[in-house]
Amino acid sequence: MKDQKLISLDLEGSSYGTAHYGPTLTEVLGHSSPSKNSLRSLECIRLTPTKPHRISSASNRSLLTRSRLTSARSFSTSARSKKSSDCSSHASTLGSKSLQPITSHAVDDQEPRSRHDSVAQCSETSLTSQGTNQSHCSVWSSARSHSTLFSCSSLATSKSSVSLQNLNLTQTGLTVWCLEFHGLVTLDKHDHGFFHQGNCYIILEINVDGVSYLHLWYGSQSDQCERDLARSHLDWIDKSLSGASFLSIECEGFETTTFMAHFSDGIVITEGKSKQLLDVATNYAKRLYHVKGRRFPTATCMEVSAAAATDDNVLILDGYPRIYVYGGKNVDCLTKMKAMDLARKINRQQRNGKAHIIVIDEEELRNKFRHKLDPNIPCDRLSSIKSDQHGSSNGVLHLYKVNGNRPQYDIPIVSTSPLLQKYLSAKDTFLLDVKSTNTVYLWVGRSINTYNLYQALLCGEAFNKYHDNSPATAICRIRSGEEPVSFKKCFQDWKEFYLKDKPFGRCYNAAIMERVLFSRSNHTPVGKFTENASDDDSIFDEAGFTEIWACTEILLKLRVDKNVAFERRNCYLIYCGDIQRGQIGVIFYWLGEKASEETKRYVQNQALNYCNLYGQIHPVIRVLDGKEPSYFLKALGGSITVYDADPEQDITMSNVHMNFEGNKAAMFCVRELTKNGMRISQVTPATSSLNSSATFIIVSCKERFLWFGKSSSAREREHAKTMLIYLYPENPYDYKIIAEGREPPKFWTVIHYDGIYPSGFSKPMLHEGLPKLVWCCSNNEKLLFKDIEDFSAKDLFEEDFYILDAHDRLFLWIGRLVPDDDLQPYILSYIINAYIKHDPARRNDADLQISFVNQAFEPKSFTKYFKQNKIIGSNAMYFGERKKLRQENALIDIDAQLLETSHLKHKKVPYKDLIKGDNLPAYVDRHHREHHLPDEEFTKVMKMPRTEFYQLPQWKQSQILKSARLF
């Protein structure tokens, strides 16, 4: 084994030829006892790729078998592409015409790594194997691997090694790298948010809590060779971080909200590469940017075409010394404000704050603006932008379990929507395919091993290829505990198990408070009962007078009794408030469980019409039978009775009228829902209706029983005695108390036995979760819902509808400038029903609380989700921003700042001396070497005079300087 020679293998051939041998281990490593680390650092050399090779000994055959298994798992079997051969020919110009270096691969007891890990390992090898003759190092490889990757790897071993070695991966904040010269170049802060279509970028953000977000962004014009190399760098950085909390691969025009959140003021996409041919780089014209996106805007460069200035578009024209912001008459104020922020960003980071920003939002100004554009240039790029499809309309979610990187066999489906959080196991990896947003999530459990953590992205790529997903589909790997909101909303019952600010979970009395405070095992925060009270009671400070209408064929006003009773076949309209005392009222509409759909629609329309009649100042809240919230019970005096009336019984009174015939019995469940909130509901007189956590009233023509469950409260028992006054007013004090488990035989003759009963009530399916704000917009008469992450009160605009989704409740916020035609009850109902229908979590309508809220009259239960309680109108904000822009323009004298004179104070140096690299005189400013060029040479090298050069944006100046080797 000491003198055994490593052999390069070709696995595609079926016949065996003459064996070819390379240098011995002693010649390569300098000693005859190689370690595993030494073997990992070797680089394979393929000697004759057209001829297969033969193994002459048994030991070599075992290594060959092992190599075949390793190569078959780690490398792709696709054919070489045209770009791959171009990259290979480019690599051959570096002196490797006969020998092609191939990426290193581990030959040890570990599982095989992916093809992307192989490229990253090659970069790591150059950092750890100093002094090793890499041209003679070899390990087993496959002839069926991508030549593109091999060529990129050979180019990366010399340049990218230095770049990767110097990367700062511990700095808190945002770091952006651009792939240049086959290595990573750190961008300055003033370049953050500006991307070239021909480049690849890696973005890393580490917050103060140590949570890391790592992204790879592909430009639409970047070539495959650079993409593969950037992918290998991404793997290397991910391993250096021991696995980022959130890792994604993004494509231009299809960025995820998590990626866009790093650039709160939006991103700007410019044409070309950061470095290209000098003749191409110096060719520049005024740039026009098309702005899209409402929360996180994106400005994409396009032709200066007059066809783009339509009523539905927002454009930015960078015509130094003025930057124009064009807004069509059909564009909302928020999008125009975001375009103004992008124009500020361009002026600040690319024009050094020396340009004026002009807003074009009047018809006369729009016509003048169109004269600045070329009417003969077709609008090709804009049409391609509009043709981008951000996912399909199919809202069905698919959850898969990842057992390997073979989608046909190793990634079986677990479930379709609705999805539950219990499907996610901490020891496994799961794939969530969200077609509606063109996103594939790979959820990695908390107990997953390191190998599967790094293999997750490879499995996602194989899944996309097998299912023919769009090439622009974003692949996101998320770790357990760091899930974004866009992932959580796909699950019907998502709960937060690891909250940083845990709410008070228990209440303790004075007797056990001291023991709990000094307990070593119970770490639950302790609080008073008032601190644990639900915020639902904050919908109004105090309940005013109450009015109730029964909805039959008409609205019939009822006399309000102390004990309010509702019949299940009906729906009711309730108003609670006192306008004379300055208290804004609340409109409730209660839907009976057995009411018809026509009756439910009728009472909802009446509630919304009642709100519109009184100036749209009252919140309208839907209440379902059996799911009454605490603030609804408070409005009714603290209790409600729900009963089943006979068909011929009069239900126009708000109390219960019992009519017993023969041996007919009635049974009522008395249950305390909240503090000072009781619900009495009629149930079937049978044993299956009993519950150990409540008190029951059984009334017949001859007998009255009070059945106390073992877990029933004292308030429930006392309230049951009071309810007999209403249920049996003839003799309310003639009753028998029966404790659970001590029922006499006579008790079972009143109710029939039909099975065992539960010991407690089921918990609600949905709980309050992380809120999200959804913008309701229409596109070609189609209703669309767009999520707004990290929302604030500034995101609410007067002309639009918004849905505040708190997981267990929905608020439809109505702006005060919404047209009256859009306030029809059927339109408001359609918006809510459409949102629930397209909900990716597939929540049930019966599990949700629904409220309709008008601007400037929001209840506290709505404003508690916003940091700023004051909601400003869109018009006031927009015109305020315009006024601020005019004030900023007044401080800029564009005539005085057109001329750049900073180069006059620098000593002039010939161009041939400035490109010598480090061998420069001490007086040369290495950050601005162009200042030292004489005017004649400057015009000759840059293809333009100095005055014209300094009027270009900073990204264009940097592109020209890099092309001229002066950057």
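Start at 1 with the first residue, then count along the sequence.
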Test item: [X] and [Y] side chains (from C-beta on) under 4.5 Å apart, heavy atoms:
{"X": "Thr257", "Y": "Asp787", "answer": "no"}
{"X": "Gln197", "Y": "Glu252", "answer": "yes"}
{"X": "Ile836", "Y": "Leu810", "answer": "yes"}
{"X": "Phe811", "Y": "Glu858", "answer": "no"}

Just checking, is any N or O donor in the side chain of Asp805 or Tyr835 under 3.5 Å from an acceptor N or O on the other one?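 Side-chain D/A pair, Asp805 to Tyr835: present.
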Just by distance, with hydrogens left out, do Gln887 and Lys884 show a side-chain donor and acceptor under 3.5 Å apart?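 Judged by distance alone, the side chains do not pair up.
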Parallel, tilted or perpendicular for Phe259 and Phe195, by the 30°/60° rule?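 Answer is tilted, since the angle falls between 30° and 60°.
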Give the intermediate values and the outcome of ring-ring contact (aromatic ring centres under 6.0 Å, His included) for residues Tyr802 and Phe797. CA-CA 9 Å; Tyr802 293 86; Phe797 281 78; 7.4 Å; no
I'd like to check the side-chain contact (heavy atoms from CB on, under 4.5 Å) partners of [X]; sequence neighbours left out, ordered by chain and number.
{"X": "Ile377", "value": "Glu303, Ser305, Asp374"}
{"X": "Tyr324", "value": "Leu317, Arg322, Ile358, Ile360, Phe369, Lys372"}
{"X": "Asn854", "value": "Cys611, Gln616, Ile814"}
{"X": "Pro825", "value": "Asn605, Leu608, Asn609"}

Centres of the Tyr201 and His215 rings: under 6.0 Å? no
Examine distances only and state if a side-chain atom of Glu255 and a backbone atom of Gly253 form a donor-acceptor pair shorter than 3.5 Å. yes
With sequence neighbours left out, write down each residue that passes ring pair (Phe, Tyr, Trp, His ring centres under 6.0 Å) with Trp494, or none if nothing qualifies.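 By the ring pair (Phe, Tyr, Trp, His ring centres under 6.0 Å) rule, Trp494 matches Phe487, Phe491.
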Do Glu363 and Arg366 meet the salt-bridge criterion of a basic N to acidic O distance under 4.0 Å?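 Looking at Glu363 together with Arg366, the answer is yes, because their closest N to O distance falls below 4.0 Å.
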Could you pull out every donor-acceptor pair under 3.5 Å between side chains of residues 331-342 and any protein atom, sequence neighbours left out?
from: Asp332; atom 1: OD1; to: Thr335; atom 2: OG1; distance (Å): 3.1
from: Asp332; atom 1: OD2; to: Arg294; atom 2: NE; distance (Å): 3.1
from: Asp332; atom 1: OD2; to: Arg294; atom 2: NH2; distance (Å): 3.4
from: Asp332; atom 1: OD2; to: Leu334; atom 2: N; distance (Å): 3.2
from: Asp332; atom 1: OD2; to: Thr335; atom 2: N; distance (Å): 3.0
from: Asp332; atom 1: OD2; to: Thr335; atom 2: OG1; distance (Å): 3.1
from: Asp341; atom 1: OD1; to: Arg344; atom 2: NH1; distance (Å): 3.2

